[in-house]
Amino acid sequence: MDELAAPAALVDSDTDFARLGLDRESIAVWEDGARTDNRPGTYEWWYFDAHLDDGATLVVVFSNKDLKSVGGPLSPVLQLNLDLPDGRAIQKKIPFAPDQWSAATDHPDVRIGANRFQGDLREYRIQAAVDEVSVDVTLRGEVPPWRPGTGRLLFGPRRDREFCWLPSVPLGRVSGSYTVDGRAHDASGTGYHDHNWGNVGLPKIVHNWYWARGQAGPYAAIASYVTAAKRYGHQPVTVFMLARNGRVIADDAALVRFATEGVYTDDETGKPVATTTRYTYEHGDETIEVSFTRERDLARHRLIDDLTGLTKIAARLVGFDGAYLRFAGQMAVTVSHAGREVERFTDDAIWDLMYFGKTRQTP
């Protein structure tokens, strides 16, 4: 098969579940343990974010490699972003020596130096400290672990290029504290944790993605719209999960339409950005619309700025213009029956746009 025509798709057949040793109805604790052996070409990260009751937002990521170094050996990175209620934004991304990394395979227990990310699918403790900022928080799941199909997005004629995703805690309650310049603050709020891994650098398979999670009223949502790289025809893949009162009620992406509104060009990265992203789920006479509307930017970052030396020169020569943007704004969930609105809830949310490919003026 011509690679240009090769598909990109989430796999969820019974054969795929059996091949991977997965249960369609439940998730085992080992699935959130280490899934790679850190060899060149692979990567893996454990991600946590939180909306805190004091207005702060927190992101902590334990990675076995920086995304720009996927082709290299183990090179651990700790990322800690804290946006404070007073408007200050603290962004840390610290590399560590390989011998400072460990990750259990039978359950989630990841360590980078004295920093630790551990749990059991129901409850997690995240401890991280960088310079003047530290966090020590517990995340207790309120929505059960979930994955889209097998959690594997496969690319290529041999289905041998993969990006894997496990939302271990789609929604949870956060407790604990964060400390800035020696002053401790309560860290109560809502949080989320997922685990990602793969065996090929993301720029080779993904052109861009929108990814969002949030809670409004009794509803919690995870939504993503992934556009495959040019060699895969920019094929889109939608991922969607909606829970109500802790129970998943909608996760069939085939019933979801994705749309954008208010697209503008970001002046820092040059990327087209949607003011609103909208996921519309239709089943029978019920329509559920989940939208995310930007109010402010939490991060705007050109990926080339992370590169140095010859790597940066080479990236410029080939016209690499990748970017990462993270937003804060309003999530809205609107439920209609037979065209009549019966419920609507709104609340704060965080979402992002990762853009590896060259700029396109389409979603």
Side-chain angles (χ1 to χ4, degrees), residues 1-28 30-47 63-65 67-74 103 105 145-168 170 194-211 222-241 251-258 279 322 354-358 360 362-363:
M1 182 185 297
D2 183 350
E3 189 177 22
L4 289 172
L10 281 164
V11 293
D12 63 355
S13 71
D14 290 342
T15 299
D16 288 312
F17 275 94
R19 174 177 59 85
L20 295 165
L22 302 177
D23 188 314
R24 188 182 288 274
E25 303 302 326
S26 65
I27 293 172
W30 62 262
E31 295 183 53
D32 204 15
R35 302 269 60 84
T36 72
D37 59 6
N38 304 316
R39 70 185 185 279
T42 66
Y43 60 88
E44 190 160 14
W45 72 77
W46 287 256
Y47 170 96
S63 304
N64 71 341
K65 298 177 186 178
L67 281 181
K68 70 177 183 292
S69 305
V70 167
L74 176 65
T105 59
W146 174 84
R147 53 172 131 69
T150 62
R152 273 68 174 173
L153 182 56
L154 301 185
F155 299 79
R158 294 180 297 277
R159 302 202 327 167
D160 56 350
R161 297 182 171 191
E162 65 178 22
F163 172 63
C164 307
W165 181 32
L166 174 66
S168 310
D194 68 13
H195 176 192
N196 295 265
W197 65 98
N199 64 1
V200 60
L202 283 169
K204 294 183 179 180
I205 55 175
V206 173
H207 183 273
N208 69 80
W209 72 55
Y210 280 102
W211 170 87
I222 300 172
S224 183
Y225 186 80
V226 180
T227 301
K230 181 178 180 180
R231 70 181 63 187
Y232 305 114
H234 293 131
Q235 181 176 338
V237 177
T238 302
V239 176
F240 183 82
M241 186 282 287
D251 63 356
D252 185 349
L255 303 180
V256 178
R257 289 182 290 107
F258 174 79
Y279 301 80
M354 177 66 84
Y355 218 113
F356 293 111
K358 293 184 181 299
R360 301 172 66 224
T362 55

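Because the structure is a prediction, the values reported are computed rather than measured.
Annotation: the span from Leu153 atom CG to Leu10 atom CG amounts to 5.0 Å, rounded to 0.5 Å. Rounded to the nearest 0.5 Å, atoms OH (Tyr225) and OH (Tyr279) are 9.5 Å apart. Taking CG from Asn38 and NZ from Lys65, the interatomic distance works out to 6.5 Å, rounded to the nearest 0.5 Å. With rounding to the nearest 0.5 angstrom, the CZ atom of Arg147 is 11.5 Å from the CG atom of Asp32. For the atom pair CG of Leu166 and OG1 of Thr150, the computed distance is 11.0 Å after rounding to the nearest 0.5 Å. Asp194 contributes atom CG, which lies 6.0 Å from atom CH2 of Trp211 (distance to the nearest 0.5 angstrom).
Note on ring orientation: taking the six-membered ring where Trp is involved, the planes of Trp197 and His195 are tilted (angle from 30° to 60°). Taking the six-membered ring for Trp and thresholds of 30 and 60 degrees, Tyr232 and Phe155 have ring planes inclined between 30 and 60 degrees apart.
Residues Met241 and Pro167 fail the side-chain proximity criterion, which asks for heavy atoms closer than 4.5 Å. No side-chain heavy atom of Trp30 sits less than 4.5 Å from a side-chain heavy atom of Thr105.
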- request: Go through the steps for Asn64 and Tyr43 under the test side-chain contact (heavy atoms from CB on, under 4.5 Å), then give the verdict.
  value: CA-CA 6 Å; Asn64 71 341; Tyr43 60 88; 4.1 Å; yes
query: What do the steps show when you test Arg152 against Leu22 for side-chain contact (heavy atoms from CB on, under 4.5 Å), and what is the final call?
result: CA-CA 11 Å; Arg152 273 68 174 173; Leu22 302 177; 3.6 Å; yes
task: Walk me through it: do Thr42 and Arg35 pass the test side-chain contact (heavy atoms from CB on, under 4.5 Å)?
output: CA-CA 10 Å; Thr42 66; Arg35 302 269 60 84; over 6 Å; no
message: Show, in sequence, the C-alpha distance, side-chain angles and deciding distance for Phe163 and Trp165, and conclude whether the ring-ring contact (aromatic ring centres under 6.0 Å, His included) test is met.
response: CA-CA 7 Å; Phe163 172 63; Trp165 181 32; 7.6 Å; no
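Judged as a salt bridge (Lys or Arg N to Asp or Glu O under 4.0 Å), and not counting sequence neighbours, the contacts of Asp37 are Arg39.
A donor-acceptor pair under 3.5 Å is absent between the side-chain atoms of Gln235 and the main chain of Ala228, judged by distance alone. Between the Arg159 side chain and the Pro157 main chain, no donor and acceptor come within less than 3.5 Å of each other. The closest donor-acceptor contact from the side chain of Asn196 to the backbone of Trp45 lies at 3.5 Å or more, if one exists at all.
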